[in-house]
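Remarks on the structure that follows.
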Amino acid sequence: MRGLEAFDEVRRLIVVAAHPDDLETLCGGTVALLGQRGVKVYSVNCTLGDIGARDASISRPALAVTRLAETEEAARILGVEQSFTLGHPDGELVASLDLRAQIARLYRHTGADSVWTFDPFWAGQIHPDHRAAGQAALDAYMPSKMPLYRPEQLAEPGACLACLERVFFFSTTRDPDIFVDVGQVYETKLASCQAHRSQFPEGEESLEWMKELDRGRGQATGALYAEAFVEIQVW
Ligand SMILES: [Zn+2]
């Protein structure tokens, strides 16, 4: 079992999520710790998060605007370098060839050496957008490193062939082998989550489920709160 040292070689990280609050709730503590080390972190939200409301009194475009602003605020709190939104409708994400190309393009523009995403193969992952985001992020890995794949992307200013070397899944119960003690940055994690006021209107009270999850993972390592990951072998 490893801890934060599993990410010792990470210099530029891209996190591919489905919705605006995924990064913060699932791995916000580890992102904050890596930010303190000077790691450049880029976040990608595949959807607009525009069905994330408890009643239908708000329009989807208005909710999308709100969630984008909340994402930017959370990114500032966690020290995220840049956030990207791919603009897909919430609740209907598909791991299409277009989504794969959108993600590959960001691998090529950010120069990330590592990617974190959802485990698309975990049978307990009931959110279809999470499975689709994980699948597309994984599927973009190989072609993004090949010059004949979507070569027009490589002609864009600032783009270069992807240099990813490592892939990690978060949100998995399939034998995580990395447990990061996030106790010392837990207030920062909570603050970044609470920036998503549309999702957690009661503040910390709305986040008891997350604290319980993180406490459970902490028990594996003797930490108060931990986040879990699994690394997969790639070449
Ligand atoms: Zn989500």
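Residues: numbered from 1 along the sequence shown.
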R131/D119 salt bridge by N-O under 4.0 Å criterion:
no

According to a hydrophobic-cluster definition based on side-chain heavy atoms being under 4.5 Å apart (Ile, Leu, Val, Met, Phe, Trp, Tyr only), do V230 and L26 belong together?
no

In the structure I gave you, are the side-chain heavy atoms of F168 and D177 within less than 4.5 Å of one another anywhere?
no

The test is side-chain contact (heavy atoms from CB on, under 4.5 Å); show your working for L4 and L33 and say whether it passes.
CA-CA 9 Å; L4 190 62; L33 287 169; 4.2 Å; yes

Flag the pair L138 / I232 as yes when at least one side-chain heavy-atom distance between them is below 4.5 Å, and no otherwise.
yes

Would you check if the side chain of Y225 reaches a backbone N or O of L213 as a donor-acceptor pair within less than 3.5 Å?
no

Enter the distance from T221:OG1 to R217:CZ here, rounded to the nearest 0.5 Å.
11.5 Å

Under the side chain to side chain contact (heavy atoms under 4.5 Å, CB included) test against V41, which residue among V31, T110, V10, L78 passes?
V31

If you compare all heavy atoms of V15 against all heavy atoms of C27, which two are closest, and at what distance to 0.1 Å?
CG1-SG, 4.3 Å

When rounded to the nearest 0.5 angstrom, what is the spacing between NZ in K145 and SG in C163?
7.5 Å

Can a donor-acceptor pair be found, under 3.5 Å and without considering hydrogens, that links the side chain of E227 to the backbone of G29?
yes

Salt bridge E156-R105, side-chain N to carboxylate O under 4.0 Å
yes

What I want to find out is whether R67 reaches D50 closely enough, with some N-O distance under 4.0 Å, to be called a salt bridge.
no

For F229 together with F179, are the ring centres under 6.0 Å from each other?
no

Short side-chain to backbone donor-acceptor contact, T85 and G87, under 3.5 Å
no

Pairing of R12 and E81 as salt bridge, 4.0 angstrom limit:
no

Answer with yes or no whether the hydrophobic clustering places M142 together with V234; edges join I, L, V, M, F, W, Y residues whose side-chain heavy atoms lie under 4.5 Å apart.
yes

How long is the straight-line distance from CZ of R11 back to CG of L34, given to the nearest 0.5 Å?
10.5 Å

Check this for me: E9, atom CD, are more than 12 non-hydrogen atoms of other residues, nucleotides or ligands nearer than 6.0 Å?
no

Applying a strict under-4.5 Å side-chain criterion to I, L, V, M, F, W and Y, I'd like to know whether F7 and M1 cluster together.
no

Would you say E72 has more than 12 foreign heavy atoms packed within less than 6.0 Å of its CD?
yes

Calculate, to the nearest 0.5 Å, the distance between atoms CG and OG1 belonging to L48 and T71 respectively.
10.0 Å

Are any of the side-chain heavy atoms of S206 and Q194 separated by less than 4.5 Å?
no

Which heavy-atom pair separates A53 from I58 by the least distance, and what is that distance?
CB-CG2, 4.0 Å

Applying ring pair (Phe, Tyr, Trp, His ring centres under 6.0 Å) between H130 and each of F118, W122, F169, report the one that passes.
F118

So which heavy atom on A228 is nearest to which on P176, and how close?
CB-CB, 3.8 Å

Which is it for V185 and Q36 under the side-chain contact (heavy atoms from CB on, under 4.5 Å) test, yes or no, and what are the steps along the way?
CA-CA 10 Å; V185 289; Q36 288 175 359; 3.5 Å; yes

Should Q153 and Y107 count as side-chain neighbours, where that means a heavy-atom distance under 4.5 Å?
no

Please find out if less than 6.0 Å separates the ring center of Y141 from that of W235.
no

So does T47 get a backbone contact from the side chain of D90, meaning a donor-acceptor N/O pair under 3.5 Å?
no

Taking the side chain as everything from C-beta on, heavy atoms only, tell me whether V80 gets closer than 4.5 Å to Y42.
no

Taking atom CD as the centre, does E5 end up with more than 12 heavy-atom neighbours from other residues, nucleotides or ligands that are less than 6.0 angstrom away?
yes

Nearest heavy-atom pair of R108 and A162: which atoms, and what distance?
CG-N, 3.9 Å

At their closest point, which heavy atom of S144 faces which heavy atom of L161, and how far apart are they?
O-CD1, 3.8 Å

Compare all side-chain heavy atoms of N45 with those of H19 and state whether any distance is below 4.5 angstrom.
no

Within-4.5 Å side-chain heavy-atom neighbours: R166 and V115
no

Do H127 and Q125 have side-chain heavy atoms sitting under 4.5 Å apart?
yes

Take atom CD of E205 as the centre, draw a 6.0 Å sphere, and report whether it contains more than 12 heavy atoms from other residues, nucleotides or ligands.
no

Could you go through the side-chain contact (heavy atoms from CB on, under 4.5 Å) check for W116 and V16 one step at a time?
CA-CA 6 Å; W116 293 358; V16 181; over 6 Å; no

Output yes when E202 and R197 qualify as a salt bridge under the 4.0 Å nitrogen-oxygen rule, no when they do not.
no

For K211 and Y186, which heavy atoms make the closest approach, and how far apart are they?
CA-OH, 3.6 Å

Working to the nearest 0.5 Å, report the span between CE of M210 and CG of L207.
4.5 Å

Between S198 and E70, is a side chain to side chain donor-acceptor pair (under 3.5 Å) present by the stated rule, with each step listed?
CA-CA 8 Å; S198 68; E70 292 171 349; 2.8 Å; yes

Does a donor on one side chain and an acceptor on the other come within less than 3.5 Å for S43 and S83?
yes

So does G52 get a backbone contact from the side chain of Q199, meaning a donor-acceptor N/O pair under 3.5 Å?
yes

Any chain of hydrophobic side-chain contacts (each under 4.5 Å) joining I14 to F170?
no

Quick one: side chains of residues 91-103, donor-acceptor pairs under 3.5 Å with protein atoms, not counting sequence neighbours, listed by atom name and distance.
| residue | atom | partner | partner atom | Å |
| --- | --- | --- | --- | --- |
| S96 | OG | D98 | N | 3.4 |
| S96 | OG | L99 | N | 3.1 |
| Q102 | OE1 | H88 | NE2 | 2.5 |
| Q102 | NE2 | L86 | O | 3.4 |

Output, in order, the C-alpha distance, side-chain angles, deciding distance and verdict of side-chain contact (heavy atoms from CB on, under 4.5 Å) for T25 and H196.
CA-CA 10 Å; T25 54; H196 293 279; over 6 Å; no

Salt bridge present between D214 and K189 (N-O < 4.0 angstrom):
yes

Residue among D8, I178, V180 satisfying side chain to side chain contact (heavy atoms under 4.5 Å, CB included) with R2:
I178

Can you hop from I51 to L63 via hydrophobic side chains spaced under 4.5 Å?
no

